Amino acid sequence: MTLPLLKVAVVGHTNVGKTSLLRTLLRDTTFGEISDRPGTTRAVCGATIEVNAHPLLQLFDTPGLEDSIGLLEELEAHRADHRADGLDLVDSFLDGTLAGARFAQEAKTLRQVLDCDAALYVIDAREQVLAKYRDELRILGYCAKPVVPVLNFVASEEAIIEDWRDQLARVSMHAVAEFDTVVLESQGETRLYEKMQSLLDRFRPTLEALIVHRREERNLCSRASARSISEMLVDVAAFSMSVDARDQDATTAAIESLRNLVRGREQRCIQELLELHRFGSDEYQPLDLPIEAGRWSVDLFSPEALQTYGIGGGGGAAAGAMVGLTVDVVFFAGLSLGAATAIGAAIGAAIGAGRLPGRKLLEKVTRRVDLRVEDSTCQLLIAREIDLARALFNRGHASVDPIRVADRAAGSAPSERKALARSLRRAAGKRRWSRIAEGPSPAPFVPDPARERLADRIAEELEPLIRRES
Amino acid sequence: MTESVYHPHMAPPQESAPALAHGRGVRFSDRLLAEAVRAYESSTAEPLDDRAVLVAIRADDPTADPEQRIALRAARVEIADDITDALGQVRTVAGWTVFGATILALIAGGIAARSALQDQTANVFGLVAGLLGVQTIMLGIWIVLMVVGRRGIGGGLLGVVVLNAARWLLRRIGRGRAHVAAVEAAGVVAGRGVIGKWFVSTVSHMVWASANVGMLIVLAASFIGEGYRFRWDSTWLSEPAYERLIETISIIPQSVGFQTPNAEQIAMSRRSHTEAAGEWSQRSRRAWSWLFFGSILMYGLVPRTVLLLLSAAMRRRAQAAYRLDLAHPGFARLCARMEAAGRSSHEPASHDKGAGLAPHDLPRRDDTRPIGPPAFIGLEIRSPRTGWPPDIGRAVTDLGLVDGRDDRDRVVGALRGGESQPSALVVVCPLPASPDRGIARAIADFRREIGSPVFVVLTGGAELAKRAPADMIARRVEDWRALAVQSGVPSGHLLEIDIDHLTHGTRAMLAAVAEGRVPERTAERRLEAAFSVIGEHAERWTGLVTIEEQFALHRAIGEKYEHTRTEWLKSFSGSSLRVAAGGVFDSDRVKDCLMEAADRVTRLLPDALRINPRWMAAGAVAGALGCLSATVLISPVAIGALPAWSVLGGAIGAVVRRASGSASKPESATDHVSFEDALRGATLFTLLLELQGREQASISRVLEWTLGEMDDDAPTLETTRSWLDDVRHRFDLALAAEHGP
């Protein structure tokens, strides 16, 4: 026995966010067309949610009901026969000529409702309760299908939820769902399906399967996001570039190239996060405050970025060309003298002309230094990507506004970032742990069990931060 | 519902038994390929173009689960062949490395055995300790590693050595992206779960078994060709202990039929060369040699071979149990894409698109009734804060707030049955609401009943501005205009007037409308005068501008616009600040008022300016100082009651900081702002005063055209005049564009 397919029409007044509701339920930023203008959807359009290749829920977007007062008048004019019930009225209206002309839009919607098992009636909770909405509910009542009212824009300050609930209770609609299509609240969707369950006994298992599916998908998504960030962090922390310390030009070039590689790695992580949260499609281009065209607008290696997140420079006076970077002086066979921050841009000069005793010896053994990113850069990456993942985690697929990370670094406390950055230090100097590839034909990256353990551990620490409610 | 029907898109946790329904028919090699393709994709910024593949996979087997689909996709993407070849190469390299190690072990085993047999004397200790002892210890280590070792590579030190050699080779052999991906995938697969462990064990046991074979070959060859005496000199071991040791070793070889030395033969091995030379019988030699041969066979080769087979079997099992980790970002992303590719959008048939919006411009009633007072209808609006109907300074007919069929019927009846017809019918509609056909029909129905002009007034602009940017408000006004035209109301008869916030100008507009005429805008132009005031003040500023200096400028600009002052006073001065005039201002309340005024102005700004923190700061300055100067213009004594400038400066600083976000300079936090911010603020204030009496959307548009494309070069003391000239020029162009040809 397979689960029965549930067909649901999404109906409502014009411009209340029906298509937005579909987008969010489908996790599809490209479904239909949405705008702030009325009558954007002019035809019925449907989509199916499948779970493991089994279609479970078919949702139909319908044109908005615009003239319910006129339509109700029309329906009641058909009531020649006093024994006719609501359904008869709707049927005879749909057979009539008006259904093809003046009320063509409403007729499409009513036909779809009759063709479905249930209807979701979307309400813009910011609007005052008007007679025309009551008439819409009455007409839907005539269709003799279970109707679940869905209050949209409940996260808005202007939402008058109590008024609406009161009004709906008067027409015996108690199973009201609150679901903001722009602000995705983890429980909102579950509650919506539960409300539908209460009215649709036959489809209880179908809806249960959907609820379970969405919950597991959310878990999977947060796990994958955490993993994506932790992989990026390990790659960045482990990455280093070896340069000849006495060659100033080569050093400068290496600094720039290291930065670009790290920036590129962060960018890949952002792209992954967007895709994981189903915001990765080409058509979806959020213009945004912190992120421009899919990348953070403030450069990773700018003092401003560190300042925004209140992260102090790591070891000391790293400034200018060396912001966010540090240097390891390498002896034979990778034996390190440790971080020698603050050497500044002139690493070459500093080491070459250092007035150290035994300079010649030092020169001989330290021809090469390792450039790598500093703790502070790791902390900044942690803060930024957690913020982004959290913003995406709670973002409805109908949002067309920029991704706003309202409270910078709200997703992670400085102590948490520091702890994570400390764990990441284990990767420092282990160039082979980094997937960041240098040059056109890099050596293969062979996963190292210790590296995988570190990445796992960091992912485990990141996940609760991503999921933490603000 | 049965369990087998529904299985969510989840990777089973690695620890638990894998769900049986997952990956039906997917082999280990397919999964390995999928891992390699994923590794390949993660190494490149551009994802593979697989749309066609995803669609085809779905079409071929709509019931495939995510793992099957991932595996199928991996096999069909363009680079699959390259990666398969690369995986083959990895296998080959690994195979040859293991083979090499096996051969080496064979030789090493032989050498070890040979070194225990010298000068026709077999060193018993060398044979026992060297040939059996070492590998027994290694076996012990293997057992310990298998029990306590972590997941991933481990188990069998020799195996790890061999594997590292293979890695080393692989790092050097190929550099192609497919090769890199294949190596990574092999590493991932080996590192997850227990495959790696059993693989290393297999290699380890194979190497040891080979070494044992080497030993046995050398021993056999030696024992066949030469006669050996066996001896073991020991300082510590007593005679009985030695005997027990040898007897113990003998147990297993003996039990499978090998000859073993008896007590006397054992004792013989303790005697020195010369002593025993003559006593070594053929029998003793045979017993001893069979003992060693048997021991290495039974303690070395047989257990290693058994463990080799066991490890190989366990590895196969682990491979069969291997599942792709769908929580891995690479696969989770792919699942998202596959879901999108599979989502079918469909349009049910028989829908006639585009039908619907029939115009309602039906013939009007030929109304010959006498003209009465104007009539006001509030259509689907909330009761205004300032009361209904709006006070326009003359008598009006109140047809009430209309919501629903009964109300509409009542109004239509009143219009039809009245003794006079209104001089004009003003239908007030909510701007925040979306216009719909129902409203259009209602307006058309009202209009049909009378012969006098009908106006549509949109209220609630300030409310909408809280949640929508200026361009959306402009679009909304246009949608309403379209609706008005559709209901037979001329486009010019649609006005945006916020009934909740009536100003002198808008009230005058309403009054004009009530008389049945389209209001004209006849604002006197004071822009030039005001700009010249700005220029004069700016010349006196040095560096940072104090709040007091700015306030003086705003006040001077305000005085230039005194002729329209009642109008703009409303927009800038919060009533609460005015009420307090005469008394002492409470600085907290002043701050709230300034905030509100600043908000009101920044909300007026079009999007193009809102994204610029400079203009947001300027808007906040204009709002806050406009509010203050308005207050002082109304009651000049209020200036004495204002809080200290530093308090006001703090409040304005906070307003500016909030408006401009983090990009504002720290100096705006104190009681002065930069020259640039001060100049921009005063300019914006002037433009707003000049534009008073217009609709909100119109103000926003003109501001956008005037300031939206100003160069972002900061105006300086030297360039102030030319900067202001530039603004004036753009303002003229914007006004021309707004009024149209």
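It should be emphasised that the depicted structure is a prediction, and the values quoted were computed from it without experimental measurement. Basis for what follows: all heavy atoms, side chains included, without hydrogens, waters or symmetry-related copies. The chains referred to below are lettered A, B, ... by the order of the sequence lines, with proteins before strands, and numbering in each begins at 1.
- Note on A:E157, A:H13, A:R126: by heavy-atom pairs under 4.5 Å with chain B, the leading option is A:R126.
- Minimum heavy-atom separation, B:A440 to B:S487: O-CB, 3.4 Å.
- Taking each heavy atom of A:Q128 and B:E380 in turn, the nearest pair found is NE2-O, 3.3 Å.
- Of the atoms belonging to B:P432, it is backbone heavy atoms, and not side-chain ones, that fall under 4.5 Å from chain A.
- Using a 4.5 Å cut-off between heavy atoms, A:E73 contacts chain B through both its backbone and its side chain.
- Annotation: maximal heavy-atom pairing with chain A below 4.5 Å, among B:V188, B:L334, B:D407, B:D436, occurs at B:D436.
- When each of A:D135, A:N15, A:V16 is scored by its heavy-atom pairs under 4.5 Å with chain B, the top score falls to A:N15.
- Defined by atom type and a distance below 3.5 Å, a donor-acceptor pair is missing between the side-chain atoms of A:Q112 and A:T62.
- No donor-acceptor pair under 3.5 Å is formed between the side chain of A:E231 and the backbone N or O of A:S228.
- Looking at A:R134, only its side chain comes within 4.5 Å of chain B, counting heavy atoms on both sides.
- In this structure, NE2 on A:H54 lies 15.5 Å from CD1 on A:I49, to the nearest 0.5 angstrom.
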